[in-house]
Every structure is written in C-alpha cells, then in structure tokens.
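Reading through the structure tokens given below for one structure.
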There are 4 protein chains.
Amino acid sequence: MTKRVGKKTSRAERRARRPHEILEAAFEEFAAKGYAATRVEDVATRLGITKGTVYLYFPTKDVLFQEMFRHASTSSADRPTAIGGLRGSCAERIRALLLIAYENTANDRKTRELLRLSVAEGARLPEMVDCRHELFIAPTLAALTALVEEGVKSGELRRDTAAETPDVLASLIFQVAVWLLMFADRKPIDGKALMEAHIELVMSGLLQRSEQMV
Amino acid sequence: MTKRVGKKTSRAERRARRPHEILEAAFEEFAAKGYAATRVEDVATRLGITKGTVYLYFPTKDVLFQEMFRHASTSSADRPTAIGGLRGSCAERIRALLLIAYENTANDRKTRELLRLSVAEGARLPEMVDCRHELFIAPTLAALTALVEEGVKSGELRRDTAAETPDVLASLIFQVAVWLLMFADRKPIDGKALMEAHIELVMSGLLQRSEQMV
Amino acid sequence: MTKRVGKKTSRAERRARRPHEILEAAFEEFAAKGYAATRVEDVATRLGITKGTVYLYFPTKDVLFQEMFRHASTSSADRPTAIGGLRGSCAERIRALLLIAYENTANDRKTRELLRLSVAEGARLPEMVDCRHELFIAPTLAALTALVEEGVKSGELRRDTAAETPDVLASLIFQVAVWLLMFADRKPIDGKALMEAHIELVMSGLLQRSEQMV
Amino acid sequence: MTKRVGKKTSRAERRARRPHEILEAAFEEFAAKGYAATRVEDVATRLGITKGTVYLYFPTKDVLFQEMFRHASTSSADRPTAIGGLRGSCAERIRALLLIAYENTANDRKTRELLRLSVAEGARLPEMVDCRHELFIAPTLAALTALVEEGVKSGELRRDTAAETPDVLASLIFQVAVWLLMFADRKPIDGKALMEAHIELVMSGLLQRSEQMV
DNA sequence: GATGAATGAGTTTTCATTCAT
DNA sequence: GATGAATGAAAACTCATTCAT
C-alpha cells in the first residue's frame, strides 16, 4: 500500500543518481546554448526539478559547467581501449584506428558537442581543453604515429613518410565534426563515405608502390 | 595654427569611420568571449567611447553582432578571386588552390574566429553560417571538384572515389583551424608544414602512377 | 514559542497575497505619477520588497499596469448592484441612483484615480478605458434612461424630456471628480452639497409642475 | 539668384517665430504622450529641426513643458472677454455665457488637452493648474454667480441652493470635455445637443414658475 | 532533501543634456 | 544659429545565488 510498491527507483537510488542526471541535463543545455546563455533554471527544468536542487549538488554555475565537461569527457573515455586489440597489417590497423576515432569523435554527438564547447568556451577554460587533448587526441595521434613508424620499419609503408602524417590521417575527422556542428541537418554529409574515401586516398599515398599493386 | 591644422580626423571623417571601428571592436570582443558574455560596454571601452555611442550606430546588441559577422565575412571576400588566375597542370593548380584556401582560412585569424563564432553561435544564427557556406566554402569545394574532374578527364589524375569528394582534399584546413581555436599557442603546430605534407600525401594518391614516378 | 506562533503570514499566505499587494502598491504609484514616471522599483519599495520580486509576479511593467488597472476596476465592481434594489417614485429612485453613482465615482478615491489614469494614459490603452465604460458608465446611464422613460410614461416626469437627459443628470459627478483630481485639497469643494443642489435643480426641471408644488 | 528670392520668411522672421513654433510642437507632443513619455527629440522632429535647437531656446525639458503650458493657456486667454458684452435677460446671458464656456472649453481641442495635462501632470505642477483656475475657471464661475445673483435680486430667478453653486450650471462642460478626452472618436457624442438640453433643464429649474410658462 | 520566494548585482537600452564644429 | 555626435545617469529586466519553510 505504500508508495514504494512497484517503484524501482527508491529514494536512495534517485538521490544517488541525481548528480549524474543533473550533469547530463547540464550537458544538453550548455551544448545547445553555451555557458553564458544557459540558465541554471533551464538545467533544472529539463529534469523537472527546481533551481535550488541543482545548488544542492553543485555550488556554482561555473562548477556545474566544469563538472559537466569532465563528466561528459570521461563518460566516453573507455572506448579508445579497443585500440590495443587491433590485429592485421599496419595498413589494416591504421584503417581500423581511424574508423574507431571517427566513430568516437565526428560521429558521436556527445564528443562533437564537447568539441563545440572546447571551441566556444575554450578561452575561459584552457585546462579543460588541454585535458581532453591529453586524454583523447594525443593518444590517438600517438597510436597513429606508432603504427606508421612500425609500417615504415617493416617496409610496409613508404620510407619518406613525414612526421606530420598522423595529423593528416586524422584530419577528416575534424572536418566532419566541424561540418556537423556548423550545418547540423541543413547540409547533410555522408561522413562514413567521406571517411572511407579519405582513408583510401591517404593510404594509397602511404603504401609502397608494390603493395598498392595488390 | 588653428586647431584644425594637423588634425587628421575631422568630425565628418570620424563619423564616417565610426561604424567600421565599432564593428572591428565588436569582432574582437565577440570572438574572444562569445555573444552572451560580451557586454556592449566592452566593445565601447575598447574604442575609448561609451556604450551610448555604440547605440547611436547600432540599435541592439543583436544587430551589432549580425552586422559585425557580415562585415567580418565580407571584408575578406575578395581573396578567393585569385582562383581564376591559376596556371599549370591540374596537380599544380589543386596544390595552389589548397594553399590559398589554407592561407585564407586556417592561417587567417579573422576567418578562424568567424569559424569559432559559427560553431559557437551557429544555433542562434543558422542563416549567417549558411551564408558563409555559400560565399566561401561551397565555391572552394566547387573549384576543387572542377579541377579534379578536369584532371581525370585529361588522364592526369586517377579516377577513384576521392576524386568525387573534394572535402577530403580540404580536410586538413579544418583540422588546423580547429586546432588553433582550441589550443591557441599552448600546443603550437606548424600549419604550413602539415599542409605541405597533406598535399603531398593526397596528391600522391590522386596522381596516376606514371606521374608519381616523375 | 516557536517562530510560527503568532505569525499570521505563512509563506503560502504571503505568496497568495503578493499579487494583490503588488497591484495595490502599483495603483498608488501609477495614480500618483503616471505610467512613464513610475519606476517598478517605486512599487516594490512601497511594499518593502525589491523590484526583482515584482518581476516574479508580473513579467513587464506594462503588464503590471494593465493588471493593476483591471484589478482596481473590478475591485469596485460589485457596488452598482445596489441599483436593482431601489424603491420609491421615479424621482426618488433617480435621486438615489445619482447619489450612489456620486459615492462610487467622484467620492471614491480609487475610482477617481482610475479616471485620472483613463484621461492620462487613455491614448495608450483605449481598450481599458472602453472596458470601464462598458462596466460602469454605460450601465449607470442606461439605468438613468430607463428611470426617466418610466417616469415619463407614468406621467411623473415631463413629456418633453430629451434623450440627452441622463448625461445631464450625471454631469456633476464628472465635474466633482475632475475638480478633485485637478485641485486635490488646494481648492476644497463640498461635493455632497453640490450634488444635492444639482439634483434638486435638475429634478425641478424634470418634474411636472404639479409635482413640484408638493 | 540668392536663396532668399521668393522666400517670404527671412532668417530673422524664422528666428523670431522659433520659440512659438517649438511651444506649439511641444504642446502636441506633451498632450499626446504626457510629460515623461515625450522625448525632446520628438518635439524637434515634429518641426524638422534637431534636439540641439530646442535647447537653444529652452534650457531644460521641464522649462519647455512649463512654458508650453503657459503659452497654450494664454493663447486662448482673450476669448472670455466676450463675457462683458452680453446683453439680454439674465437667463439669456447665463445661456450665452454657458455656450461660450462650452465652446472655449469642452469644444476647444487645445483647452481640452490642457485639461488632460492638468489632470495627468497636476501633481507635478500644482501652481500651473491653480494658475489656470485663476485665469479661466474662477472668472467664469464668478460671472455665473454674478448673473444668478442679479437674476435672483430682480426676481427673474428663483432663490434656491443651486443659485449659490454656479458649478452646477457648468457641470456638463466638464463631462463633455472628459468624455472626449477618454473616448475621443470611439464613442462620439453630440456635445452641442447635450449642452442645449443641459441649459434647458437647469434654466427651467432656475426660472420662476411664471417665467417658465412663457 | 527539495522547494521557490526573494534578493541584488549586472546588463541592455533610453534619453536629457552638452558642446565642438 | 544649427547641428548631431557623444555622454552618462537612470530605468527595465535578468538571473545566479541564498535561505526559510
């Protein structure tokens, strides 16, 4: 007869979930309107709660934003772990790595919006942007560098491959992400097809002639 | 020896220059802080005038922003005209075109900051972003497409999927631009070198094998 | 002995009373200074609250004014109901009706100030003024017309009574009201005495000679 | 060949007329929008001149308003002089006087708007309102009182309480004026007809029975 | 814990007034 | 005399933050 009957989320559970919920709501609001244009009340309303409750968990709007950014960043942090498990030739592994990076970045709404916030609010919070660099961008570029070096050493890839190669390999991911951020659905693109074409083009430039013949 | 002697800015001149000055100052402020976080007074102070004066020329902050965006966009509008005058083989012209686009986009602070604003405030003003697309991005991509098609037709370039996707050729420009917007001087990159490496890589993928031998 | 003991205004009560309080304060301020010269903060200060609180209940100054006008109008709306209960000869009822109208209009500060606002801000809000006409002025004039017609039919009043008679009967009410609005206490008048004299004069003109003899 | 050819208003004439012009324009603007809501620039624009010019002739907006009020008041000051020239019986002269007062007050736009300003801004400027009282209202009421007293003395009029309250005789003038101020053209009235009916009614109450028979 | 009324500092916008030209 | 650019004080309105209930 009590309220709790049939209720899967007990008060305690709900309470435990609150900070998480709030951070998710904050992500949506901040991503859509930017820091300054978002009101704390917007975040609360999105959850059906009130401003005051938000302040119960986060002392200021600024802290809320930073926690949100950190939370959104780490919530997708486990994905790159797949990198270690790649198998096949260097070319195959580079291709696989780029596709994973594409899926995790340009093709992932959350990551894309974090990129938007990094560009928009970056001046306010350089540490956060740098943090994201350490966690995601640098490791991916490092992995690409390692793979290219391995390929060169093994003779699979051209010997004259430049140090700038990893950035070049990853560049289309940024383009697709920025395109989606700027044009949303107004100018649709087939990111996956672009990515395939990109990979084919750059790989054909990377591979030794003999390999290309195959 | 009258006051006017040596006075370069008469009242009329000043009056004529004011809108331009204000738009320039607005560009700096909005680019640095975003729309919502910029105060009209910030713009005025940057010029050593008061906010009332800004309102003498622009009726609202919103109009000021839009005029600033339009002004900043068109003030760099003449550069792409160089495209028509390109000479040489298709490969040479593609290379030249990409370098011009790089100079005008990733390497131009004004254009880069407009990209920032497009990403940050795009949701508020899709028409502006689309307008920039019509004026700059679409023409450049169209020129790339035309050059690639010409090269394919003449046998200079390979026919492959990349040939149909000029986005792939321009992708590094976006990467450099976004990198600079996110990391400024904290993680410097040699954009020019990246661009050269990018061009070499994609061109080696585009060219017929025989040409590559050269 | 807790705080609540003796505390008449709980939060809920206060909340429920606030709109009313604010409208009353707004009435005083707007009546005293007019729309444009009244600051929202003036209204708040009168209540010992801050302007932010006023905006919690009314979205704009304009809405506050309109709600205030409507509220002040309707808060005195029940009085005319007394009309139906009049008894006596037509002359007696006309006299009674005019005295009631006088009490409710010229002699009622609230109604007088609404007249001031109608005259002062009428150009901005014709609908409000017209609304007051429908609710108060028209019914009173209609009642007067009905009484005069009845009196003519029964022979109590002169047959040649003009259609303009009701306005003439009510005219002194306007004069007294306007006088008080213009001169306040600087040139006091005895409104009641004027009203008595007015009624006596016009009734003596309305009544059949025979009746006057009485 | 000079500009002045064919120009009837020389610079000097124009200059001499300026203050007058400005006061007229100020009257229109203040009457239409009230003191606080009228901008000095509105007044200037109405004349096709600029704010600065207004300040050449009037030091502050407040002074402009007061001068305007005084000017508008005195520009109609000569009309009541007709009173002295009235001829005929007391009844005839009272009737004529009331009609003149009606024409000069309720039926005269300028006077009506001054009444509006007196009601609207009266709290700010009691002296002005009192001044108008001395100049127009009091003399008219005094003339009425004198006429009634003369009539009573000569036996032409009844002695009753109304005889001592000329306000009663003039009341309809206020009603018509206020009506026009509140309803403008939205609820038209025939002021002249109302006035005639009013005069007839009050005179029939004032006159001795014997006279009425005539 | 949760609420939401209240605050007050901050921002946009207006406009009376000044003054160099 | 006229102008109109510039000022800055003031007013409408917003919103992060607090706190009594």
Side-chain angles (χ1 to χ4, degrees), chain A residues 11-12 14-15 18 36-44 47-64, chain B residues 2-4 7 10-16 18 36-42 44 47-62 64, chain C residues 2-4 7 10-16 18 36-44 47-64, chain D residues 11-12 14-15 18 36-44 47-64:
Chain A
R11 195 169 299 181
R14 167 140 274 228
R15 160 135 181 74
R18 266 286 146 82
T38 295
R39 297 177 305 150
V40 173
E41 187 155 28
D42 296 336
V43 175
L47 289 173
I49 61 178
T50 62
K51 270 185 311 205
T53 305
V54 175
Y55 279 93
L56 237 40
Y57 296 90
F58 303 95
T60 68
K61 181 183 176 183
D62 199 76
V63 167
L64 174 62
Chain B
T2 68
K3 262 188 178 177
R4 242 176 295 156
K7 224 195 187 178
S10 74
R11 196 154 81 133
E13 285 169 32
R14 170 133 284 215
R15 157 84 186 163
R18 267 287 139 82
T38 296
R39 296 177 307 146
V40 173
E41 188 156 26
D42 296 336
L47 288 174
I49 60 180
T50 62
K51 56 189 176 341
T53 304
V54 175
Y55 280 96
L56 235 41
Y57 297 87
F58 302 95
T60 66
K61 181 183 175 183
D62 200 77
L64 175 61
Chain C
T2 69
K3 262 185 176 179
R4 241 174 298 154
K7 221 193 188 180
S10 75
R11 195 152 83 133
E13 283 169 33
R14 171 133 284 214
R15 159 82 187 165
R18 266 287 139 83
T38 295
R39 296 178 308 147
V40 173
E41 190 155 24
D42 296 336
V43 176
L47 287 174
I49 61 180
T50 63
K51 56 185 178 338
T53 303
V54 175
Y55 281 98
L56 235 41
Y57 297 86
F58 302 94
T60 65
K61 181 183 174 183
D62 200 78
V63 167
L64 174 61
Chain D
R11 194 166 301 180
R14 168 139 274 228
R15 161 136 180 74
R18 266 286 144 81
T38 295
R39 296 178 306 150
V40 174
E41 188 156 27
D42 295 337
V43 175
L47 287 174
I49 62 179
T50 61
K51 272 187 306 207
T53 305
V54 175
Y55 278 93
L56 237 42
Y57 297 89
F58 302 94
T60 67
K61 181 183 174 183
D62 200 77
V63 167
L64 174 61

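What you are looking at is a predicted structure, and each value in this text was computed from that prediction instead of being measured. Order of the sequence lines sets the chain letters (A, B, ...), proteins ahead of strands, with each chain counted from 1.
- The interatomic distance linking Leu56(B) (CG) with dA5(F) (P) rounds to 6 Å, in whole Å.
- Across the interface with DNA chain F, nearest-nucleotide mapping of Ala36(A) and Thr50(B) shows Thr50(B) to be the residue nearer the 5′ end.
- For Arg39(D), the side-chain atoms get nearest to dC15(E) when compared with the rest of dC15(E), dA16(F), dT3(E).
- Here the side chain of Thr60(A) is nearest to one of dA6(E), dT17(F), dT3(F), namely dT17(F).
- One finds a side-chain N or O of Tyr57(D) lying less than 4.0 angstrom from the OP1 or OP2 phosphate oxygen of dA2(F).
- For dT17(F), its base sits under 3.5 Å from the side chain of Lys51(A) at one donor and acceptor pair at least.
- The CZ atom of Phe58(D) sits 16 Å away from the P atom of dT18(E) (whole-angstrom rounding).
- Between dT3(F), dA16(F), dA12(F), one nucleotide has an atom nearer to the side chain of Lys61(A) than all others, and that is dA16(F).
- Taking atom CG on Asp62(D) and atom P on dC15(E), their separation rounds to 17 Å, with Å as the unit.
- Put simply, CG on Asp42(D) is 8 Å from P on dC15(E), counting in whole angstrom units.
- DNA chain F contains the following stems of three or more consecutive Watson-Crick or G-U pairs, with both distances under 3.5 Å: E:2-21 with F:2-21.
- In this structure, Ala36(B) and Ala37(A) approach most closely via the heavy-atom pair CB-N, 3.9 Å.
- Toward the 5′ end of DNA chain F lies the nearest nucleotide of Thr53(D), the other residue of the pair Thr53(D) and Thr53(B) mapping further downstream.
- The phosphate of dA2(E) (OP1 or OP2) has a side-chain N or O of Arg18(A) nearer than 4.0 angstrom.
- Among the nucleotides dT17(F), dT13(E), dG1(E), the one closest to the side chain of Tyr55(B) is dT13(E).
- Atom CD in Glu41(B) sits roughly 14 Å away from atom C1' in dA6(F) (whole-Å rounding).
- Taking Arg18(A) as the reference, Glu21(A) meet the salt bridge (Lys or Arg N to Asp or Glu O under 4.0 Å) condition, with sequence neighbours excluded.
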